[in-house]
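A short worksheet on the structure shown next.
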Amino acid sequence: MNKTVKKLRIAFFDAKDYDRNSFLEANASEEFEITYLDARLSTDTYKLAEGYDAVCVFVNDEVNAEVIDRLAAMGVRLIALRCAGYNNVDIEYAYGKIHVVRVPAYSPYAVAEHAMALLLTSIRRIHKAYIRTRDFNFSLNGLTGFDLHGKTVGVIGTGKIGRIFIDICRGFGMHVIAYDKFPAANSGIEYVGLDELWERSDIISLHCPLTDENRHMIGADTIARMKKGVVIINTSRGALIDSEALLEGIKQRQVGAACLDVYEEEADVFFHDYSGHIVNDDTLARLISMPNVIVTSHQAFLTKEALANIADTTLDNVRLFFENDTCPNEICYKCANLSTCKQTHEKKCF
Ligand code: NAI
């Protein structure tokens, strides 16, 4: 007699066309039943996950204590993040209630290369030149840039992405200094304290996770200590920078340029088309209006290679969790903060 195997059901929140395409391909055998939802996960939308085994979420879904309680009460057993950062998940609260997995790396090259693309675009005024020549304006006035060769770049966070960015910068003949809370031994990287990094860097690029401790690490005080004309690149998480202080620094000509792929209030704006609307966020609108600010909407990860890796790893995470009882990409409060977890990546954390 044929036994019907029940497929694992995944409620896929905040689904975009590119997500659907890559997950449809990764799930071509229809091993999983995936429901693609336009809504973001929040206290208003969690009910959409009723009857599902797992939810799949991205950077701007709200996975707070209430959402965690509701999901757990409805029998959802797994939160599968299709990204690396997890500052939008209350992992301390989730511990013991619902498991959380992520995709720790999908293409660090995608993000590091985007950071360099933003930097080059900004300092060589490519965004201006592109618009000019499309209008047959071939004037060079106002397009003077500067050489990267010989400049000092301060890299904060020397993990997977930070190190690739360092290699790219070295290829340009730049001098690299770095700060990391946990410096890598024998890496050949010149680590300095944050104070020294602020003072010496011509360019500063953020590649560390957002935590309670480093929220607004770039603010009025730190901007005042930076070199006049510093270029700040953020492809990490928006709230590492106090946006209003950044805006003020730009207005005062202390900050020479800002390249932002992330923004602290991005959840309400990024990934949506507001071209026919009036955006209510005055700080963002003012930043975008500046000639020396480039904003992309959390796009650094968006390459074909990264999307395929994200889909494959997310579905592997779900399969391993439910079928093999292993959980190699689990994140839990104890692993992340206390180093007291029994996490061996062969067993679930609780
Ligand atoms: P990773 O975990 O390999 O490296 C992070 C590094 O930051 C580690 O070396 C760690 O020791 C260091 N670190 C931790 N806390 C720190 C602190 N308070 N100050 C300084 N350094 C600290 O992570 P990976 O893959 O390199 O990603 C870095 C960040 O990039 C992620 O946390 C995420 O926020 C962001 N990201 C952005 C994407 C985008 O599309 N814009 C895509 C993927 C990641």
Side-chain angles (χ1 to χ4, degrees), residues 14 16 18-19 22 57-60 81-89 91 102-119 154-169 176-189 191-198 201 204-219 222 232-241 258-264 266-267 270-271 294-307 309-310 313-314 329-331 335-339:
D14 202 11
K16 302 285 183 265
Y18 52 80
D19 290 317
S22 55
V57 298
F58 195 52
V59 293
N60 290 325
L81 286 156
R82 52 181 190 280
C83 53
Y86 50 87
N87 53 287
N88 54 330
V89 182
I91 54 166
R102 67 171 177 150
V103 182
Y106 33 91
S107 174
Y109 304 101
V111 182
E113 289 170 13
H114 191 78
M116 181 49 87
L118 287 174
L119 175 60
V155 176
I156 300 182
T158 56
K160 291 176 285 297
I161 297 170
R163 289 208 202 192
I164 292 164
F165 185 72
I166 288 174
D167 287 344
I168 294 173
C169 289
V176 179
I177 56 175
Y179 168 79
D180 194 297
K181 198 174 168 196
F182 309 100
N186 305 319
S187 57
I189 296 171
Y191 285 104
V192 297
L194 271 180
D195 286 340
E196 191 176 337
L197 187 139
W198 306 136
S201 303
I204 295 173
S205 194
L206 300 174
H207 298 289
C208 59
L210 171 67
T211 62
D212 288 338
E213 147 195 58
N214 64 13
R215 183 171 296 270
H216 287 186
M217 73 187 301
I218 293 189
T222 41
I232 298 174
I233 310 167
N234 190 4
T235 55
S236 239
R237 284 294 180 268
L240 291 168
I241 299 182
C259 306
L260 309 174
D261 185 53
V262 286
Y263 171 67
E264 59 180 325
E266 70 178 50
F270 280 16
F271 307 124
I294 295 186
V295 174
T296 51
S297 60
H298 210 130
Q299 176 191 334
F301 74 99
L302 197 65
T303 64
K304 279 192 293 187
E305 292 79 359
L307 289 173
N309 288 338
I310 288 170
T313 308
T314 302
N329 293 324
E330 177 156 22
I331 36 170
C335 298
N337 294 292
L338 305 175
S339 309

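Order of listing sets the numbers, starting from 1, for every ligand and every atom in it.
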Could you work out, for atom 18 (N) of ligand 1, the closest of D212, V103, N214, I156 by heavy-atom distance?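 Nearest option to atom 18 (N) of ligand 1, by heavy atoms: N214.
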
Does ligand 1 come near enough to [X] that some N or O of the ligand is less than 3.5 Å from an N or O of the residue?
| X | value |
| --- | --- |
| F301 | yes |
| Y179 | no |
| K160 | yes |
| I161 | yes |
| Q299 | no |

Give me the nearest non-hydrogen protein atom to [atom] as residue plus atom name, then the distance to 0.1 Å.
| atom | result |
| --- | --- |
| atom 4 (O) of ligand 1 | G159 CA, 3.2 Å |
| atom 11 (O) of ligand 1 | D180 OD1, 2.6 Å |
| atom 43 (C) of ligand 1 | Y106 OH, 3.0 Å |
| atom 22 (C) of ligand 1 | C208 CB, 3.6 Å |
| atom 13 (N) of ligand 1 | P209 CD, 3.7 Å |
| atom 16 (C) of ligand 1 | K181 CB, 3.7 Å |
| atom 33 (C) of ligand 1 | R237 NH1, 3.7 Å |
| atom 37 (C) of ligand 1 | T235 O, 3.1 Å |

Go through ligand 1 atom by atom and flag the ones less than 4.0 Å from a non-hydrogen atom of G157.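 Taking each heavy atom of G157 in turn, ligand 1 has 7 (O), 21 (N) under 4.0 Å.
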
Within-shell test, S236 vs ligand 1, heavy atom, strictly < 4.0 Å: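 For ligand 1, residue contact (heavy atoms, under 4.0 Å) with S236 is present.
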
Kindly check if the number of other-residue, nucleotide or ligand heavy atoms within 6.0 Å of NZ (K304) is above 12?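 Not buried by this count: 12 neighbours or fewer within 6.0 Å.
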
Just checking Y109: does its OH atom have more than 12 heavy atoms from other residues, nucleotides or ligands closer to it than 6.0 angstrom?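 No - once you tally the heavy atoms of other residues, nucleotides and ligands closer than 6.0 Å, there are 12 at most.
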
So which of I218, D261, T235 actually passes side chain to side chain contact (heavy atoms under 4.5 Å, CB included) with L206?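 It is I218; the other options fail the test.
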
Is the contact between H207 and ligand 1 made by the side chain, the backbone, both, or neither, using heavy atoms and a 4.0 Å cut-off?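 The part of H207 near ligand 1 is the backbone, not the side chain.
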
For F165, which part has a heavy atom under 4.0 Å from ligand 1: side chain, backbone, both, or neither?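 It is neither part, as no heavy atom is under 4.0 Å.
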
